[in-house]
Amino acid sequence: MMDAPQVPTLFERLGGIFGIAHIIDVLGDRLYDNDTLNRNPAVMRLHNEKGRPGFKFTLIAWMIEQTGGPKVYPGADMRTAHANMTVSDFEFDVVLMEAAGVLTYCGVPQQEHKDLMAVLESVRDDVRAGSKGA
Ligand code: HEM
């Protein structure tokens, strides 16, 4: 019997570890230097205590895992990670807007763009779970 054709994961379609590292190298800077997000005291605390390289590393590892790549993310789940801070819907939208711009900047094709934006949107409720009415 013929094996069913293998559907490549989003991880593979984005170019694997190197494709994702490239996206986050650009997106990580855009988020780290974003004056709107940096008005949130929790974000400034993260920057001051942990710094840019670790910020990028955790995002790269998270995205590798979430897109179907190897299990390399060492951090907390999104609900736990954002539990002790206020994250507004507007701030979440700012992250999505920056992501959308960077995906076009990095030449990510339309289908992969759509699929990765859906992955990001899927964690909105968990990221915002600790925020009441923000
Ligand atoms: C798609 C949206 C988002 C994703 C995928 C995401 C992803 C992550 C990841 C992977 C971590 C690391 C957790 C760990 O190391 O255990 C983290 C931590 C953090 N995120 Fe997000 N995040 C998102 C949205 C936001 C937004 C909108 C804000 C605030 C404006 C925010 C603020 C923070 C802060 C302050 C931390 C540090 C928590 C700590 O260790 O004290 N995140 N996020």
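First listed ligand is number 1; within each ligand, the first listed atom is number 1.
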Starting from [atom], locate the nearest protein heavy atom and write down its residue, its atom name and how far away it is, to 0.1 Å.
atom                    : value
atom 29 (C) of ligand 1 : V43 CG2, 3.6 Å
atom 37 (C) of ligand 1 : L46 CD1, 3.5 Å
atom 16 (O) of ligand 1 : A76 N, 2.8 Å

For [atom], which candidate among [options] holds the nearest heavy atom?
atom                    : options              : value
atom 9 (C) of ligand 1  : M78, R128, E121, M85 : M78
atom 15 (O) of ligand 1 : T58, N40, N38        : T58
atom 14 (C) of ligand 1 : F92, Y73, F90        : Y73

(message) Could you check whether D126 and H82, counting side-chain N and O atoms only, form a donor-acceptor pair closer than 3.5 Å?
(response) no
(message) Using a strict threshold of under 4.0 Å (side-chain N to carboxylate O), is an ion pair present between R124 and D89?
(response) yes
(message) Heavy atoms only, cut-off 4.0 Å: how does T80 contact ligand 1, side chain, backbone, both, or neither?
(response) neither
(message) L59 and side chain to side chain contact (heavy atoms under 4.5 Å, CB included): which single residue from D25, I64, I24 fits?
(response) I24
Evaluate [X] for polar contact with ligand 1, using N/O atom pairs at a separation under 3.5 Å.
X   : answer
H82 : yes
V95 : no
K50 : yes

